[in-house]
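To start, the structure under review is shown below, and the notes come after it.
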Amino acid sequence: MNVLITGGMGYIGSHTCVQMIAAGITPVIVDNLCNAKAEVLNRVEALTGVRPRFFVGDIRDEAFLDSVFAQTSVKAVVHFAGLKAVGESVSKPIEYYDNNVNGTLVLLRSMRKAGVKSLVFSSSATVYGDPQQVPITESSPTGATTNPYGRSKYMVEQCLTDLFAAEPDWSITLLRYFNPVGAHPSGSMGEDPQGIPNNLMPFIAQVAVGRRDKLAVFGDDYATPDGTGVRDYIHVMDLADGHIAALDKAGSEAGLHIFNLGTGKGSSVLDMVNAFSDACGQPVPYEICPRRPGDIAECWASTEKARQQLGWQATRSVAEMTRDTWRWQSQNPQGYQD
Ligand code: NAD
Ligand code: UDP
């Protein structure tokens, strides 16, 4: 089966391509390379022996997408393409709504013309805002988002819900990721943020490899066991497998399906610093700093629904997440080099 992967050159998309090929699915990639390097395709090929078809272009270009569908006979779309930096979304809301919301609408129009009505969408735990209770289930309240990035994900979820209400022959799966981290266990693929990393794990990795002096820990006065923020970190390979489970089980049936993709376990910032120090064999320097505006104290997923309905659960530990990240970072200290 051919599956179109928008944003397939990015962090999660590239790992999903590798796992799809192993599962006998043929990925067809569309990416405009605004946050990825062309070298990714060589790494996917080296790992799998397959060089996926890759169309360089923008999902907001409807004629481009129409021509991709006309050439590829894809049966489903996994939609990763979008902008994802929370802080940047505050200063560039138009770019975020245009890429994430408008880009998705253009994609949906093109899919409908091509008769492709099966979509898996990259949503985020950010749609839950500051949760009233943990673990967060799929029926926990959504919408109290705190920044344009989060609102763009919530808006797309609503667009897709309305589309399904109007056209119930679609199969739409919303996957709400918790905190994706880690890298391919070979060390040849991983997360390669441009500029200063916003997220915890790539920042720690760059400190460990000597690209940055120390980690700023954003707050140690939360109501959590050690005072630092608690999140549900999930290995990117588990996340990739979750997409294949979603395509297999839910993607074939018409419906609107919603799943959390997390591990169900929370780890604090200091837990992650300590696990990374173990993985790289040296302490990771850090200093306690003020809270980051907009951060929540803790969040982790209820994983029951995905386990029961997709037959999927995360299996990789925090030790594997940090070990694989370190292997990637130490083998590729400057990330992908084109
Ligand atoms: P990423 O930036 O590594 O990958 C996104 C890819 O999409 C990049 O390769 C980029 O070049 C491409 N892209 C962006 N805009 C495009 C456009 N208009 N047309 C074509 N290509 C475009 O990000 P990622 O971490 O792999 O995230 C993938 C998806 O998962 C995103 O939608 C993101 O919002 C969502 N998500 C990510 C996280 C996370 O922490 N990484 C958490 C929750 C949800
Ligand atoms: N964090 C931190 N220093 C950093 C980046 C993140 O202390 O340089 C903390 C952040 O406050 C949160 C956790 O690490 O408690 C995860 O943050 P990240 O940005 O990776 O994910 P998100 O905020 O989206 O859950």
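Both ligands and their constituent atoms are indexed starting at 1 by order of listing.
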[atom] [closest protein heavy-atom partner, distance rounded to 0.1 Å]:
atom                    : answer
atom 3 (O) of ligand 1  : Y11 N, 2.8 Å
atom 15 (N) of ligand 1 : N99 OD1, 3.0 Å
atom 25 (O) of ligand 1 : K84 NZ, 2.8 Å
atom 22 (P) of ligand 2 : N179 ND2, 3.6 Å
atom 26 (O) of ligand 1 : I12 N, 2.8 Å
atom 12 (C) of ligand 2 : R231 NH2, 3.6 Å
atom 11 (O) of ligand 2 : D295 OD2, 2.5 Å
atom 22 (C) of ligand 1 : N32 OD1, 3.1 Å

Any [X] heavy atom less than 4.0 Å from ligand 1:
X    : value
G57  : yes
G8   : no
P180 : yes
R176 : no
V30  : no

Legend entry - A246 to T173 - nearest heavy-atom pair and separation: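 So the two residues come closest at CB-CG2, 4.2 Å.
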Inset, instruction - Can you see which heavy atom on L247 is nearest to which on A76, and at what distance? - result: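 Heavy-atom minimum between the residues: CD2-CB, 3.9 Å.
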Inset, instruction - Would you please indicate if the ring centroids of H243 and Y177 are separated by under 6.0 Å? - result: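 Centroid separation for H243 and Y177: below 6.0 Å.
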Legend entry - Proximity of L215 to ligand 2 by residue part, where a heavy atom lies under 4.0 Å: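 The part of L215 near ligand 2 is the side chain, not the backbone.
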Inset, instruction - Could you see which bit of Y149 sits under 4.0 Å from ligand 2, with heavy atoms only: side chain, backbone, both or neither? - result: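 The answer is neither; Y149 stays 4.0 Å or more away.
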Inset, instruction - Can you label the angle between the Y11 ring and the H15 ring as parallel, tilted or perpendicular, going by 30° and 60°? - result: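 Y11 and H15: perpendicular rings.
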Inset, instruction - Mind telling me whether Y336 and W328 have parallel, tilted or perpendicular rings, with 30° and 60° as the class edges? - result: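 The arrangement is tilted - the two ring planes meet at 30° to 60°.
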Inset, instruction - Any atoms of ligand 2 less than 4.0 Å from a non-hydrogen atom of N198? List them with their elements. - result: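 Those of ligand 2 that fall under 4.0 Å from N198 are 5 (C), 19 (O).
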As a check for students: among [options], identify the option with a heavy atom nearest to [atom].
atom                    : options               : answer
atom 30 (O) of ligand 1 : Y177, Y149, F64, Y233 : Y177
atom 8 (C) of ligand 1  : N100, D31, V156       : D31
atom 3 (N) of ligand 2  : A216, C289, G150      : A216

Inset, instruction - Could you say whether the N/O atoms of N35 and ligand 1 ever approach to under 3.5 Å? - result: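 Between N35 and ligand 1 (N or O atoms, distance only) the closest approach is under 3.5 Å.
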Inset, instruction - For ligand 1, find out whether one of its N or O atoms is nearer than 3.5 Å to an N or O atom of F178. - result: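 F178 vs ligand 1: no N/O contact under 3.5 Å.
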Legend entry - Lys/Arg N to Asp/Glu carboxylate O, R316 vs D241, below 4.0 Å: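 Salt bridge flag = yes for D241 with R316.
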Inset, instruction - May I ask you to list the atoms of ligand 1 that are less than 4.0 angstrom from any heavy atom of S124? - result: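 Once the distances to S124 are compared, the set is 43 (C), 44 (C).
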Is the shortest N/O to N/O distance between [X] and ligand 2 below 3.5 Å?
X    : answer
F218 : yes
V217 : no
L200 : yes

Inset, instruction - Answer yes or no: is there a side-chain heavy-atom contact under 4.5 Å between P185 and D324? - result: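 Yes, at least one pair of side-chain atoms sits under 4.5 Å.
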Legend entry - Y177 to ligand 2, any heavy atom closer than 4.0 Å: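 Under 4.0 Å: no for Y177.
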